[in-house]
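Scroll down for the structure; my scribbles are underneath it.
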Amino acid sequence: MVILDNHISKPGWCCSKFDGSGFFGDQYFNPDLWIKGLIMMATLFKSTTNVVGMSLRNEFRGPKQNVNDWYRYMQKGAEVVHAINPDVLVILSGLTFNKDLPFLIKRPISLSFTGKLVFEAHWYGFSDGLPWKSGNPNHVCGRAMHQFMRKAGFVLKQGYPLFLSEFGVDLRGTDVIDNRYLNCLLGVVAELDFDWALWTLAGSYYLKEGVSGFDEVYGLFNWNWSEARNSSFLDRISGIQLPFQGPIQQPGQPGAKQHKVIFHPLTGQCLQRKSLLEPLNLGPCTNSEAWIYNTQQKTITIKGTYFCLQADGLNKPVKLGVICSGSTSKWEPISDSNMHLSSKPARHGAHVCLDVDPNTSVGFLQKAHAWESRSFSMR
Ligand SMILES: *[C@@H]1O[C@H](CO)[C@@H](O)[C@H](O)[C@H]1NC(C)=O
Ligand SMILES: *[C@@H]1O[C@H](CO)[C@@H](O)[C@H](O)[C@H]1NC(C)=O
């Protein structure tokens, strides 16, 4: 499926605050020409069925930004696109490099159509920057998550879809900020079940900012586009490609079948049991056990069975049992990010956290403070 994305008015690398393409009225961003462009594109792709959406403009930015003009032109742009192609989704971007939509809380958008408006947001490690490097990643993750929800994620509560239309990392795995951010982001994406687009497919550019053959280290392809730049990254994002929620699983609807999966952002896999006798391990989320978390008793059981998740003790594998009343069966999501499942198996013992052995993929228990980049979360 293809989404047309109106990116920049003067060809070049996008985007900077002062590139003259940041907001209506900038040097290269004439609103009337922009409307003409939308009309042309909506007309051109009207009968192309795999063009499913039109994003009216990428990453507003710069000193001219203001909310009144955003409403004025976005409403106009949305209406012209809809009038020409009523089947296409209309996708609206926020201010400040597509991070800010909070003005919608007080002032809903007014359009003649319903049921096909989508908001989009971008979220990168560099949006929150250095704190990822110097701070406790769980504090930073918790903060970044709340900030994202306050500025963009809240539209979900208003009943609109939110499309995470850009995220990405340096795929060499050497950027600490990107690595920590990605663990956090994957947990949030799994939780909210976003549709998303990755920056970027391209392995390199003919020419970028004067450099020919520029290597794109965020690119899924390697420099010569012959193979994947980093296959472990592909494995990780495959965990969030399938929807976790579907139309029949909407909360509050009759027949909704809800359960939780225990998602491991570092691998993109989920906790499962191969058989009753084998230890719990990671596998594709499509094979995940259906876990039920009892918020009063704090037990995690496999749906439709008596089996619950049990913590034996430090450095021991996590296991299943049927006597679920003791402290070994109580679990709580902890830390600022809420992405760690913790238990306190012995009365005077320490908290342990669910972790995974990188060699065997078996779930085991380790000290609650040793959680640097590993995390589990119930989604
Ligand atoms: C792929 O990413 C992982 C994790 O970030 C990193 O450890 C690894 O070195 C990367 N592989 C390549 C080929 O860059
Ligand atoms: C593409 O690049 C990779 C390493 O970056 C190299 O191993 C491979 O031979 C190259 N393929 C072609 C067709 O040039």
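Every number for a ligand or one of its atoms is a count from 1 in the order of the listing.
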Kindly identify the option in N230, N222, L266 whose heavy atom sits closest to atom 8 (C) of ligand 1.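 Ranked by closest heavy atom to atom 8 (C) of ligand 1, first place is N230.
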Check for me whether K64 meets the cation-pi criterion with F23, that is, NZ or CZ under 6.0 Å from the six-membered ring centre and within 45 degrees of the ring axis. no
Is it true that the NZ or CZ of R57 lies under 6.0 Å from the centre of F29's six-membered ring and within 45 degrees of the ring axis?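 Here R57 passes the 6.0 Å and 45° test against F29.
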Going by the order shown, which atoms of ligand 2 are within less than 4.0 Å of some heavy atom of S226? 1 (C)
Test side-chain contact (heavy atoms from CB on, under 4.5 Å) applied to L92 and V118, step by step: CA-CA 6 Å; L92 305 188; V118 177; over 6 Å; no
Taking the six-membered ring for Trp, are F167 and W123 ring centroids under 6.0 Å apart? no
Restricting to side chain to side chain donor-acceptor pair (under 3.5 Å), what partner residues turn up for H82, sequence neighbours left out?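 Checked H82 against side chain to side chain donor-acceptor pair (under 3.5 Å); matches are K116.
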For [atom], what is the nearest protein heavy atom, given as residue, atom name and distance?
{"atom": "atom 9 (O) of ligand 1", "answer": "R172 O, 3.9 Å"}
{"atom": "atom 5 (O) of ligand 1", "answer": "G173 CA, 3.5 Å"}
{"atom": "atom 1 (C) of ligand 2", "answer": "N224 ND2, 1.5 Å"}
{"atom": "atom 13 (C) of ligand 1", "answer": "R229 O, 3.8 Å"}

Should we count CH2 of W225 as having more than 12 external heavy atoms under 6.0 Å? yes
contact_flag T174 ligand 1 heavy-atom lt 4.0 Å: no
Heavy-atom donor-acceptor pair, W196 side chain to E166 backbone, under 3.5 Å: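 No: the side chain of W196 does not pair with the backbone of E166.
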Give the atom numbers and elements of ligand 1 that come within less than 4.0 Å of a heavy atom of S232.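 Answer, ordered by atom number: 1 (C), 2 (O), 3 (C).
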Which atoms of ligand 1 have any heavy atom of L171 under 4.0 Å away?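 Selected atoms, number and element: 1 (C), 2 (O), 10 (C), 14 (O).
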